[in-house]
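To start, the structure itself, in structure tokens.
Every number for a ligand or one of its atoms is a count from 1 in the order of the listing. Only this structure's heavy atoms are used, side chains among them; waters, hydrogens and symmetry mates stay out.
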Amino acid sequence: MQKIERDVVIVGAGPAGLTAALELKKAGKSVAILEARDRVGGRTWTDQIGGATIEIGGQWISPDQTGLYSLINELEIETYPRYKEGASVFIDHDGKRTVYTGEDFPVGEATVGEINKLIALMDQLAAEVNPDTPWTHPDAKELDTISFHHWLESKTTDAVAVECVGLFIAGGMLTKPAKTFSALQALLMAASAGSFSNLVDEDFILDRRISTTMQGVSLAVAERVGTENIYLENPMLRLEWSKDGVVAHGKDVSVSAKRVILAIPPNLYSRPTFEPPLPRWQQITHQHQSMGLVIKVHAVYATPFWREKGLSGTGFSPSSLVQEVYDNTFLNDPRGTLVGFISDEKADQMWALGEDERKAAILESMAGFLGEETLSPEVFYLSDFGAEEWTRGAYATSYDLGGLHRFGPTQNDAVGPIYFASSDLAGEGYQHVDGAVRMGRRTAARIVAEFEGTEYDASFDGAESAFGALAR
Ligand code: FDA
């Protein structure tokens, strides 16, 4: 067992942990990162599959994500736009397929009116919610103890409008059924992206991609942190802690440090042994944050055949197995790639099938949007984060009904030398890489202020580095 000493030990080399390490290094502090996997990037992960570049995890960046933008600017990494030209496809409850343009789903005038009414209401409430402290909203308890589905039903009698608006947050973001999380949790999701309108506009929220892939951002940060400071295949199994510091025990390295940052998803906080155990409140709080489940489908074709038909590749259907489809062709790739999403209970059903049956069902559903050419991809791959021991779901964690206002206020409290940093605990950028970057920067700034005996500015939002760029 190797024994080393650092100012701060960081657990998890995802975007939050790596950004924290980079910031601490800029502030002149020594760091080591323990990472369970044999790679950095966490829920951002790129692989070559059948000769195609596949972004298995996070990939899109939107204009409001200024924390991530400032990091990639610092790293001199470019972005490129998602292909958006052409018409979209909508499949309704009866299986009727409509090709349409414009922002409104082709669901009938009255339903469009109800959908827009609900979106306006969500925008109004989201503007009242501070994403860092949603529990301070005057109606927080009321909004947190009704499911998003039932809250929508209390605002309209139009079932199709409820289903369509529910999809944006349930299937589209939290990847849990809309009956299992609260209206307040939905409002946090909306407020974290600036507004509900931003969230429902795929041209905004899925605006651009990273030219080196999203995992490439983590790889570039890792290089600046120094790969010699990152201990791969070293899950933290045990943490000894006291007011004076910690010893973090990995598989084959132990790090003594003054502080530790747990930059792992909250659903995994119970995995290492804490000596002594965490206080009552932290042991309980984080049990109420659980992972959603979504299958990200990748299908690569000889050409982007849908473009020749005047289609953008975008498709929506609240009732289909695959509820969203987009053109996901990688930068300068002459082939065409589609990405599709299968969420929550539909994902459960798919994992219950055999491989061939699952593939056939998924491609059949995607062909409903873009035609029978969809049935024969050259490469077919399913992202399966539910089976990943060091994530256990996708995209991220959210509270169960009533948990956000009850446990949220203490979710970011440090316990002695132990700090928590995860995009799942972020306000702005919640559940996104942007939130991970912000949390990394904020946590590093808190620790540096403590080391230096200065006042930490709690309004610091992590949109920019607190320490400038690293001298190289
Ligand atoms: P993250 O989970 O990324 O990293 C945590 C790290 O901790 C991992 O490397 C893990 O191995 C490690 N770890 C866990 N336990 C450990 C232990 N005991 N010891 C040591 N290491 C341990 N976001 C976005 O902005 N745009 C997008 O398009 C998408 N799309 C998307 C698709 C899919 C399929 C997924 C799964 C996720 C996304 N996301 C996304 C979300 C985004 O990927 C996510 O918000 C960030 O990766 C979270 O970064 P963190 O560093 O907080 O955690």
Side-chain angles (χ1 to χ4, degrees), residues 9-21 33-45 54-62 64-65 67-69 82 172-173 175 192-193 202 205-210 213-215 217-218 221-222 230-239 248-251 253 255 260-273 291-298 326 328 339 341-343 347 382-386 388-397 420-426 429-440 443:
V9 56
I10 295 151
V11 183
L18 286 164
T19 309
I33 306 183
L34 296 180
E35 166 54 52
R37 288 176 161 106
D38 62 1
R39 61 170 181 84
V40 302
R43 280 170 274 172
T44 67
W45 179 18
I54 301 288
E55 296 207 63
I56 299 168
Q59 62 167 78
W60 285 294
I61 177 168
S62 57
D64 60 315
Q65 295 177 345
L68 177 54
Y69 262 114
R82 184 173 64 86
M173 287 288 159
T175 60
S192 74
E202 78 278 6
I205 203 77
L206 312 181
D207 182 34
R208 297 180 76 87
R209 294 178 66 182
I210 312 282
T213 80
M214 193 64 100
Q215 190 194 7
V217 177
S218 285
V221 177
I230 304 173
Y231 294 83
L232 299 176
E233 295 182 88
N234 257 290
M236 185 185 78
L237 305 170
R238 191 160 66 90
L239 184 76
H249 298 275
K251 188 165 63 66
V253 61
V255 191
V260 61
I261 301 177
L262 291 190
I264 65 181
N267 61 309
L268 298 183
Y269 291 160
S270 62
R271 171 99 201 208
T273 305
M291 276 275 170
L293 181 63
V294 66
I295 304 174
K296 185 176 181 185
V297 182
H298 311 263
Y326 304 99
N328 206 31
V339 65
F341 293 97
I342 303 169
S343 184
L382 304 179
S383 298
D384 184 11
F385 276 90
E388 290 275 321
E389 183 181 10
W390 303 107
T391 303
R392 304 185 179 194
Y395 308 107
T397 64
F420 302 94
S422 159
S423 72
D424 300 35
L425 302 177
Y430 168 57
Q431 293 212 351
H432 285 86
V433 176
D434 177 65
V437 170
R438 288 169 187 266
M439 288 302 291
T443 311

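Interface atoms of ligand 1 facing Ala436, defined by a heavy-atom separation under 4.0 Å, are 49 (O), 52 (O). For ligand 1 and Thr44, the ligand atoms under 4.0 Å from any heavy atom of the residue are 43 (O), 47 (O). Which parts of ligand 1 touch Ser422 is read off a 4.0 Å heavy-atom cut-off, strictly below it: atoms 52 (O). Every atom of ligand 1 is numbered from 1 in the order shown, and the set under 4.0 Å from a heavy atom of Val11 is 17 (C), 19 (N), 20 (C). Residue-ligand proximity, Leu268 to ligand 1, at heavy-atom distances under 4.0 Å covers atoms 14 (C), 15 (N).
Here the shortest heavy-atom pairing between Phe420 and Met439 reads O-CE, 4.2 Å. Among all heavy-atom pairs drawn from Ile230 and Ala13, the shortest one is CG2-CB, 4.4 Å.
The protein heavy atom nearest to atom 24 (C) of ligand 1 is His432 CD2, 3.4 Å. Looking from atom 7 (O) of ligand 1 to the surrounding protein, the closest heavy atom is Gly12 CA, 3.3 Å. The protein non-hydrogen atom at the shortest distance from atom 34 (C) of ligand 1 is Ile56 O, 3.6 Å. Considering only non-hydrogen protein atoms, atom 21 (N) of ligand 1 sits nearest to Ala36 N, 3.1 Å. The shortest contact between atom 40 (C) of ligand 1 and any protein heavy atom is with Gly58 CA, 3.4 Å. For atom 42 (C) of ligand 1, the closest heavy atom belonging to the protein is Val433 CG2, 3.9 Å. Counting protein heavy atoms only, atom 10 (C) of ligand 1 is closest to Arg37 NH1, 3.3 Å. Nearest protein neighbour of atom 4 (O) of ligand 1, counting heavy atoms only, is Gly14 CA, 3.4 Å.
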**Study point:** Residues Val40, Leu232; criterion side-chain contact (heavy atoms from CB on, under 4.5 Å); working and verdict
**Key:** CA-CA 8 Å; Val40 302; Leu232 299 176; 4.0 Å; yes
Check your understanding: Can you list the steps and then say if Arg37 with Thr391 is a side chain to side chain donor-acceptor pair (under 3.5 Å)?
Key -> CA-CA 10 Å; Arg37 288 176 161 106; Thr391 303; 2.8 Å; yes
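Checked by atom type and distance alone, the side chain of Arg82 pairs as donor or acceptor with a backbone atom of Glu202 at under 3.5 Å. Formation of a donor-acceptor pair under 3.5 Å by the Arg43 side chain with backbone atoms of Tyr395 is found in this model. Side chain of Lys296 to main chain of Gly57: a donor-acceptor pair is present (N/O by atom type, distance under 3.5 Å, no hydrogens or angles). Put simply, the side chain of Arg271 never gets that close to the backbone of Trp390: no donor and acceptor are under 3.5 Å apart. Proximity of a side-chain donor or acceptor of Glu55 to a complementary backbone N or O of Met214 within less than 3.5 Å is detected. Not a single donor-acceptor pair under 3.5 Å links the side chain of Asp207 to the backbone N or O of Ile61.
Considering Tyr395, Phe385, Tyr430 only, the shortest heavy-atom separation from atom 32 (C) of ligand 1 involves Tyr395. Taking each of Gly41, Gly42, Pro266, Gly57 in turn, the one with a heavy atom nearest to atom 8 (C) of ligand 1 proves to be Gly42. Of the listed options Ala16, Ala248, Ser383, Ala16 places a heavy atom closest to atom 50 (P) of ligand 1. Proximity annotation for atom 41 (C) of ligand 1: of Arg209, Glu233, Gln431, Met439, Gln431 comes nearest, heavy atoms only. With distances taken over non-hydrogen atoms, the option nearest atom 36 (C) of ligand 1 out of Gly250, Ala394, Ser62 is Ala394. The closest non-hydrogen atom to atom 1 (P) of ligand 1, taken over Met236, Gln59, Arg43, comes from Arg43.
The backbone and the side chain of Ser423 each have at least one atom closer than 4.0 Å to an atom of ligand 1 (non-hydrogen atoms only). Residue contacts with ligand 1 for Leu34 involve N, CA, C or O but no side-chain atom from C-beta outward (heavy atoms, distance under 4.0 Å).
Using cut-offs of 30° and 60° for the angle between ring planes, the Trp60 and Tyr326 rings count as perpendicular. Between Trp45 and Phe385, the ring-plane angle classifies as perpendicular under the 30° and 60° cut-offs.
With sequence neighbours left out, Thr397 forms a side-chain hydrogen bond (donor to acceptor under 3.5 Å, both in side chains) with Asp424.
Evaluated for a side chain to side chain contact (heavy atoms under 4.5 Å, CB included) with Phe341, the options Val294, Val297, Thr175 yield exactly one hit, Val294.
The distance from atom CG of Leu293 to atom OG of Ser343, rounded to the nearest 0.5 Å, is 7.5 Å.
Under the 4.5 Å side-chain criterion, counting only non-hydrogen atoms from C-beta, Ile264 is in contact with Tyr269.
On a distance-only criterion, Glu35 and ligand 1 share at least one N/O pair closer than 3.5 Å. Residue contacts with ligand 1: Ile264 is placed with no nitrogen or oxygen under 3.5 Å of a nitrogen or oxygen of the ligand (distance criterion only). Close N/O approach between Trp60 and ligand 1 is found [any backbone or side-chain N/O within under 3.5 Å]. For Pro235, no nitrogen or oxygen atom sits less than 3.5 Å from a nitrogen or oxygen atom of ligand 1, counting backbone and side chain alike.
Within the structure, ligand 1 has Ala263 among the residues with a heavy atom less than 4.0 angstrom away. Heavy-atom distances between Thr391 and ligand 1 stay at or above 4.0 Å for every pair.
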